[in-house]
Asks: 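Below is a structure I'd like to ask you about.
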Amino acid sequence: MRQRIAVVGSGPAGLTFARVLHRHGYPVTIFERDTAPDARPPGGTLDLQEGLGQLALDKAGLLAEFQALSRPEGQAMRILDTDGTVLRDWQARPDDRANPEIDRAQLRDLLLGPLDVQWGRAVTEVVVPKGTGGVLVQFADGGQEAFDLVVGADGAWSRVRPAVSSVTPHYTGVTYLETSLDDVDTRHPDLARLIGDGSVAVYGVNRALVAQRNSGGHAKVYAQFRAPLDWHTDLDLDLADAEAVRSSLLALFDGWAAPVLDLLRHGTAFVHRPLHVLPVSHTWAHTPGVTLLGDAAHLMPPLGAGANLAMLEGAELAESIDTVGGPEELDEVVRAFEERMWARAGRWASITTAGLERLVSPDPSEALAVFDRVQSS
Ligand SMILES: Cc1cc2nc3c(=O)[nH]c(=O)nc-3n(C[C@H](O)[C@H](O)[C@H](O)COP(=O)(O)OP(=O)(O)OC[C@H]3O[C@@H](n4cnc5c(N)ncnc54)[C@H](O)[C@@H]3O)c2cc1C
């Protein structure tokens, strides 16, 4: 018997979940707050790991399409000292498929394919009634609908999470300011060479600059630093004023090599991303009819794991649901899925939390040590 399944959120977690169910012919309703796929800038590039995000795409029947779109050369990594000296310069072998990069928009379109998303349907709350009849999803437009299982894949500030957990994300003490370079090969050839095919990173005391090539001649630059959450109010800085943000960042990174600072000088608008996380081993008392995936369940520092885990969880939960008969069986597979997710996500949350401490740290040699350990493993 088919259960009524809804997923809230069409990020990597929600779309992978829905796509794998769709592949098995299992109906699923997808609610998304954004009014269209391109309603917001999609963000930068994601590296998808062989045993995680790529495994999820395989379960969705999309691995060959991913391989055609992704950029293995994007795994290249160069590390500079703040004076511009090259400390490490690592290139991936052409056949290295461990962590190829893909633009978020390309991944979203790949996963969306034939899926029917209800755009512009912001969920405000999920209510688990005492009796039978299903879990209620309530919407900003005042409507509500009932389901046998509601999957919260609605990211860091999930509106589904309060149905199972009272925990909310806390600030890590590290803030990113993200900017973009467009048409980098023709407009900024020196920066294109600096960034190379993949990423360039420069680590200083409690701050870092990282630039990553995206497809189509675009690049993203992330200024990363330790600061109180309200650092900009102390400086009376309007975050919407790109020139004021640029001046403030150039002052923060004063003394760094001129070609490195050019990454900030030529960036377009700046997006403020204070990094929040959930506690490393976030779990909850199993609640029949509701579960969480991805950032909604285990928001962690952005060090290459979040989307990968989100996608694999989506694929695994969908495959488990495809095997169930009645409601008791559904509850059993969700419970087993949660145990597996918590154990794996807890391991990655520990790794990425320690990683963030060392990458944006008082001792920049810590960052090099992280890179060297990853390369030798
Ligand atoms: C700068 C940066 C770089 C990163 N790089 C990587 C990387 O290289 N590799 C990697 O694995 N991870 C990376 N991550 C982490 C990754 O982006 C996240 O872990 C991943 O996007 C989580 O996916 P998700 O589907 O759980 O949530 P999200 O991507 O946040 O998607 C949630 C969706 O839910 C929707 N939504 C939210 N609220 C509601 C609501 N109330 N009603 C309906 N819909 C709602 C949102 O609009 C959104 O579409 C990075 C993160 C950052 C910030």
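This chain uses plain numbering: 1 for the first residue, then up along the sequence. Remember, it's a predicted structure, so these values are computed and weren't measured experimentally. Counting convention: from 1, in listed order, for ligands and their atoms alike.
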Asks: Report yes if R159 has an N/O atom closer than 3.5 Å to an N/O atom of ligand 1; otherwise report no.
Replies: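 No, R159 has no N/O under 3.5 Å of an N/O on ligand 1.
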
Asks: Where's the contact between S158 and ligand 1, heavy-atom distance under 4.0 Å: side chain, backbone, both or neither?
Replies: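 None of S158 does.
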
Asks: H266 vs H188 aromatic rings, parallel, tilted or perpendicular, using cut-offs 30° and 60°?
Replies: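 Rings of H266 and H188: tilted, 30 to 60°.
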
Asks: As an exercise, state the distance from CG of L87 to CG of D81, rounded to the nearest 0.5 Å.
Replies: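 Reported value, rounded in 0.5 Å steps: 5.0 Å.
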
Asks: At what distance is the nearest protein heavy atom to atom 4 (C) of ligand 1, and which residue and atom is it?
Replies: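 It is R104 NH2, 3.4 Å.
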
Asks: So for ligand 1, is V123 a polar contact partner (N or O within less than 3.5 Å, distance only)?
Replies: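 Yes, V123 has an N/O under 3.5 Å of an N/O on ligand 1.
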
Asks: Quick one: which ligand 1 atoms are inside 4.0 Å of a heavy atom on G9?
Replies: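 Ligand 1 atoms under the 4.0 Å threshold to G9: 33 (C), 34 (O), 35 (C).
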
Asks: Return the residue, atom name and 0.1 Å-rounded distance of the protein heavy atom closest to atom 43 (C) of ligand 1.
Replies: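 For atom 43 (C) of ligand 1, the nearest protein heavy atom is R33 N, 3.2 Å.
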
Asks: For ligand 1, which atoms sit closer than 4.0 Å to a heavy atom of D34?
Replies: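 It comes down to these atoms of ligand 1: 47 (O).
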
Asks: Find the distance between CD (Q106) and CZ (F66) and round it off to the nearest 0.5 Å.
Replies: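 Atom-to-atom, Q106:CD and F66:CZ are 10.0 Å apart.
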
Asks: Short N/O distance, under 3.5 Å, between D295 and ligand 1?
Replies: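 N/O-N/O distance under 3.5 Å: yes.
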
Asks: For Y176, does the six-membered ring have the charged nitrogen or CZ of R273 within the cation-pi criterion, i.e. under 6.0 angstrom from the centroid and within 45° of the normal?
Replies: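 Geometry flag: not set, cation outside 6.0 Å or 45°.
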
Asks: Applying salt bridge (Lys or Arg N to Asp or Glu O under 4.0 Å) as the test, list every pair that has at least one member in residues 101-113; sequence neighbours left out.
Replies: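 Of all non-adjacent pairs touching residues 101-113, those that pass salt bridge (Lys or Arg N to Asp or Glu O under 4.0 Å) are R71-D103.
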
Asks: Give me the nearest non-hydrogen protein atom to atom 1 (C) of ligand 1 as residue plus atom name, then the distance to 0.1 Å.
Replies: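 Looking only at protein heavy atoms, the one closest to atom 1 (C) of ligand 1 is Y222 CE2, 3.6 Å.
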
Asks: Tell me, which protein residue and heavy-atom name are nearest atom 9 (N) of ligand 1, and how many Å apart are they?
Replies: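 In this structure, atom 9 (N) of ligand 1 has G304 CA, 3.5 Å as its nearest protein heavy atom.
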
Asks: Quick one: nearest non-hydrogen protein atom to atom 32 (C) of ligand 1, plus distance?
Replies: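 Minimum-distance protein heavy atom for atom 32 (C) of ligand 1 reads A153 O, 3.5 Å.
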
Asks: Look at atom 37 (C) of ligand 1 and find which of L52, L275, D154 reaches it with the closest heavy atom.
Replies: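 Among L52, L275, D154, the closest heavy atom to atom 37 (C) of ligand 1 belongs to D154.
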
Asks: Only one of L57, L52, L15 forms a side chain to side chain contact (heavy atoms under 4.5 Å, CB included) with M311, so which one is it?
Replies: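 Of all the options given, the one that passes is L57.
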
Asks: Test your reading of the structure: does N308 have an N or O sitting under 3.5 Å from an N or O of ligand 1?
Replies: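 N/O-N/O distance below 3.5 Å exists for this pair.
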
Asks: In terms of heavy-atom contacts, does CG of D363 have more than 12 from other residues, nucleotides or ligands at under 6.0 Å?
Replies: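 More than 12 within 6.0 Å, yes.
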
Asks: For R121, state whether at least one heavy atom is located under 4.0 Å from any atom of ligand 1.
Replies: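 For ligand 1, residue contact (heavy atoms, under 4.0 Å) with R121 is present.
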
Asks: Which ligand 1 atoms are under 4.0 Å away from a heavy-atom of V8?
Replies: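 Every atom of ligand 1 under 4.0 Å from some heavy atom of V8: 42 (N), 43 (C).
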
Asks: Please tell me if the side chains of R159 and V8 come closer than 4.5 Å, counting only heavy atoms from C-beta onward.
Replies: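 Contact flag for R159/V8 side chains = no.
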
Asks: Any atoms of ligand 1 less than 4.0 Å from a non-hydrogen atom of G294? List them with their elements.
Replies: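 Numbered from 1, ligand 1 contributes 26 (O).
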
Asks: Determine, using the 4.5 Å side-chain heavy-atom cutoff (strictly less than), whether L80 and L252 are members of one ILVMFWY cluster.
Replies: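 Both belong to a single hydrophobic cluster.
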
Asks: Is E32 close to ligand 1, meaning an N/O of one under 3.5 Å from an N/O of the other?
Replies: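 In this structure, E32 places an N or O atom under 3.5 Å from an N or O of ligand 1.
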
Asks: For the ring pair W231 and F225, is the centre-to-centre distance below 6.0 Å?
Replies: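 Yes, they do, as the ring centres are separated by less than 6.0 Å.
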
Asks: Kindly assign one of parallel, tilted or perpendicular to the pair W157 and H276, based on the angle between their ring planes and the thresholds 30° and 60°.
Replies: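 Rings of W157 and H276: perpendicular, over 60°.
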
Asks: With the threshold set at under 4.0 angstrom, would you say R40 reaches ligand 1 through any of its heavy atoms?
Replies: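 True for this residue.
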
Asks: Using a 4.0 Å heavy-atom threshold (strictly under), name the region of A305 that reaches ligand 1: side chain, backbone, both or neither.
Replies: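 For A305, only backbone atoms sit under 4.0 Å from ligand 1.
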
Asks: Considering non-hydrogen atoms of the protein only, which is the closest contact for atom 2 (C) of ligand 1, and what is the distance?
Replies: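 Atom 2 (C) of ligand 1 sits closest to the protein heavy atom P302 CB, 3.8 Å.
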
Asks: Purely on distance, is any nitrogen or oxygen of P12 under 3.5 Å from one on ligand 1?
Replies: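 In this structure, P12 places an N or O atom under 3.5 Å from an N or O of ligand 1.
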
Asks: For A13, is at least one N or O under 3.5 Å away from an N or O on ligand 1?
Replies: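 It does: an N or O of A13 is found under 3.5 Å from an N or O of ligand 1.
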
Asks: Quick one: nearest non-hydrogen protein atom to atom 31 (O) of ligand 1, plus distance?
Replies: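 I find the closest protein heavy atom is G11 CA, 3.4 Å.
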
Asks: Can you confirm if the NZ or CZ of R2 lies within 45° of the ring axis of Y26 and under 6.0 Å from the centre of its six-membered ring?
Replies: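 Yes, a cation-pi geometry holds between R2 and Y26.
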
Asks: Could you tell me if Q118 and T29 have a donor-acceptor pair between their side chains, going purely by distance under 3.5 Å?
Replies: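 Result is no, nothing qualifies.
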
Asks: Can you confirm, on distance only, whether ligand 1 has an N/O atom lying under 3.5 Å from any N/O atom belonging to L46?
Replies: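 By distance alone, the answer is no.
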
Asks: List every atom of ligand 1 that sits less than 4.0 Å from any heavy atom of A122, numbering the atoms from 1 in the order shown and giving each element.
Replies: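 Near A122, the atoms of ligand 1 are 42 (N).
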
Asks: So F253 and W256, would you call those rings parallel, tilted or perpendicular, with 30° and 60° as cut-offs?
Replies: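 Plane angle over 60°, so perpendicular.
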
Asks: Among protein heavy atoms, which sits nearest to atom 10 (C) of ligand 1, and what does the distance come to when rounded to 0.1 Å?
Replies: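 For this ligand atom, the closest protein heavy atom is A307 N, 3.4 Å.
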
Asks: If you count every heavy atom of other residues, nucleotides or ligands that lies below 6.0 Å from D83 atom CG, does the total exceed 12?
Replies: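 Enclosed.
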
